[in-house]
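Scroll down for the structure; my scribbles are underneath it.
Everything quoted here is computed from the prediction, not taken from an experiment. Just so it is clear: chains get the letters A, B, ... in the order the sequence lines come, proteins before strands, and each one is counted from 1.
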There are 2 protein chains.
Amino acid sequence: MTRWLDETEQRHWRAYIYATTLLHEKLSRELQEAHGITLADYEILVRLSEAPDRRLRMSHLADATLASRSRLSHQIDRLEKADLVRREACETDRRGSNAVLTDHGWDALVEAAPTHVAGVREHLVDLLTPEQFADLGNALAVVARHLNSPDLPAEQLA
Amino acid sequence: MTRWLDETEQRHWRAYIYATTLLHEKLSRELQEAHGITLADYEILVRLSEAPDRRLRMSHLADATLASRSRLSHQIDRLEKADLVRREACETDRRGSNAVLTDHGWDALVEAAPTHVAGVREHLVDLLTPEQFADLGNALAVVARHLNSPDLPAEQLA
DNA sequence: CAGGGGTGGTTGAAAGCCGGACGACCTGTC
DNA sequence: GACAGGTCGTCCGGCTTTCAACCACCCCTG
């Protein structure tokens, strides 16, 4: 038996779909117009910039950015062509490679970051009260944990 | 001067990106595996099913689903191949076409709806208290309104 | 230390997506 | 009633994503 969404739930759900789609597009477009990179590119650069020696294993980076291995591989191809990232062989595991942020990549990130942060503030954070934003973050943290955990049988909760 | 995100804001922002990406993927994959349609397809079918005579102008449908005209056109191509939707000429405006839900499309929607609703509940609604979910919806409604409105100069708010 | 199963990452082909250009058509104005 | 400017939907070219196959390598087991 399906328990349907009542009218209010449906309204909230549509607001969710609507807002998340629009926000993602807007932030990505702003980055692209100002700096020629997408939001996905930006997130890769951020991860690398935070990593020790500004390098990460491909698979780790794929997990962190929620990309498939194949997708990340292509994406790194492009970033490599743009000289924002380069690949290097992994010392300890000869199957592996590291993605390394180039100096040019670092500079690009430093330039793009204000655009990104301003967008996040303008189109999200500053539209809400601090409590609202905190509640949003906490609620979505629950969702993220749920979706990220290996699928437990639902019964386990009973 | 850029006002950076503090550590807490950053945590919330990452939860946002993480959860919205995962949730979208999960719901789309569930639909695809069970019924061979994506979330975007599903939303088109829903809009058509709710419209008078189960038909809508292409441009209206594009706006409603936040798709570019070009993207919608391709998407309708696919749905037409799958016999879920068909096109028909618009009577009152010879430039236009209507997308019409076929009987088969209606049946597919009726079949897919329980999967979708169950997913939304399992991975979002039922993870939160009713208040949390309502707050989420209301906060995102603010965001959606903001992003949807024609760009006012920021000064207008002062 | 040989073999088998698993993992890391890349690749190519096919499908999907977007922006921009386009032809067709509508509508207001003179 | 002609024309200018807008709107409707499609199409083209180029890029992105996905899927599945693949090679190279690791590691465990016997």
Side-chain angles (χ1 to χ4, degrees), chain A residues 21-22 24-34 36-44 47-48 51 55-82 84-100 150, chain B residues 21-22 24-33 36-44 47-48 55-82 84-100 150:
Chain A
T21 307
L22 286 170
H24 188 279
E25 267 172 19
K26 182 78 168 180
L27 293 178
S28 202
R29 193 166 301 273
E30 284 179 353
L31 273 177
Q32 192 134 33
E33 284 173 1
I37 60 174
T38 66
L39 188 51
D41 294 333
Y42 179 84
E43 281 176 348
I44 288 176
R47 298 293 177 159
L48 289 177
R55 74 196 58 211
L56 281 176
R57 284 295 289 272
M58 291 294 281
S59 54
H60 186 342
L61 192 50
D63 292 346
T65 58
L66 301 176
S68 70
R69 281 154 169 37
S70 155
R71 175 173 169 181
L72 181 70
S73 193
H74 288 296
Q75 209 153 356
I76 295 291
D77 281 352
R78 276 170 255 138
L79 292 174
E80 210 167 10
K81 267 182 206 141
L84 300 173
V85 166
R86 70 187 155 74
R87 278 180 236 247
E88 76 179 10
C90 176
E91 307 253 314
T92 60
D93 183 339
R94 272 194 292 173
R95 290 168 303 182
S97 5
N98 290 315
V100 190
Chain B
T21 307
L22 286 170
H24 189 279
E25 265 173 21
K26 182 79 169 180
L27 292 178
S28 202
R29 194 165 299 272
E30 283 180 353
L31 273 178
Q32 194 135 31
E33 283 173 2
I37 60 175
T38 66
L39 188 51
D41 295 333
Y42 179 83
E43 280 175 350
I44 288 177
R47 298 292 176 161
L48 289 177
R55 74 197 57 210
L56 281 176
R57 285 296 289 273
M58 291 293 280
S59 53
H60 186 341
L61 193 50
D63 293 346
T65 58
L66 301 176
S68 70
R69 282 149 202 289
S70 154
R71 175 171 167 184
L72 180 70
S73 196
H74 288 295
Q75 211 152 358
I76 295 292
D77 282 351
R78 273 170 258 135
L79 292 174
E80 211 168 10
K81 266 181 209 141
L84 301 174
V85 166
R86 70 189 157 72
R87 279 180 237 246
E88 76 180 8
C90 176
E91 307 253 316
T92 60
D93 184 339
R94 271 195 291 172
R95 290 168 303 182
S97 3
N98 290 316
V100 190

With heavy-atom distances below 4.5 Å as the criterion, would you say the side chains of [X] and [Y] are in contact?
| X | Y | answer |
| --- | --- | --- |
| B/N98 | B/R86 | no |
| A/R87 | A/M58 | yes |
| B/T65 | B/Q75 | no |
| B/D41 | B/L84 | no |
| A/E80 | A/V85 | no |

Quick one: is [X] getting a side-chain N or O under 4.0 Å of the [N] phosphate, OP1 or OP2?
| X | N | value |
| --- | --- | --- |
| A/R29 | C/dG19 | yes |
| A/R71 | C/dT10 | no |
| B/R57 | D/dC8 | no |
| A/R69 | C/dG8 | yes |
| B/S73 | D/dG9 | no |

Atom-to-atom span, [atom1] of [X] to [atom2] of [N] - whole angstrom:
| X | N | atom1 | atom2 | value |
| --- | --- | --- | --- | --- |
| A/L66 | D/dT17 | CG | C1' | 15 Å |
| A/L72 | D/dT18 | CG | P | 12 Å |
| A/E91 | D/dC25 | CD | P | 15 Å |
| B/Q75 | D/dC11 | CD | C1' | 17 Å |
| B/R78 | C/dA14 | CZ | P | 17 Å |
| A/L39 | D/dT16 | CG | C1' | 15 Å |
| A/L56 | C/dG8 | CG | C1' | 15 Å |
| B/E80 | D/dG9 | CD | P | 14 Å |

Point to revise | Atom CD of A/E91 with >12 non-hydrogen neighbours under 6.0 angstrom | key: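 Counting other residues, nucleotides and ligands, CD of A/E91 stays at 12 neighbours or fewer.
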Review point. How does each nucleotide of nucleotides 20-28 of chain C score, in 5' to 3' order, for protein heavy atoms under 4.0 Å: base (B), sugar-phosphate only (S), or none (-)?
Key: B---BBS--
Point to revise | Check: C/dG12 base within 3.5 Å donor-acceptor of A/H74 side chain | key: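 Per atom types, the contact qualifies.
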**Study point:** Distance in Å, A/L27 CG paired with A/E30 CD, rounded so as to fall on 0.5 Å steps
**Key:**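 Spacing of CG (A/L27) from CD (A/E30) equals 6.0 Å.
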Point to revise | From D/dC8, C/dG8, D/dT10, nucleotide with atom closest to B/S59 side chain | key: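 So the nucleotide nearest the side chain must be D/dC8.
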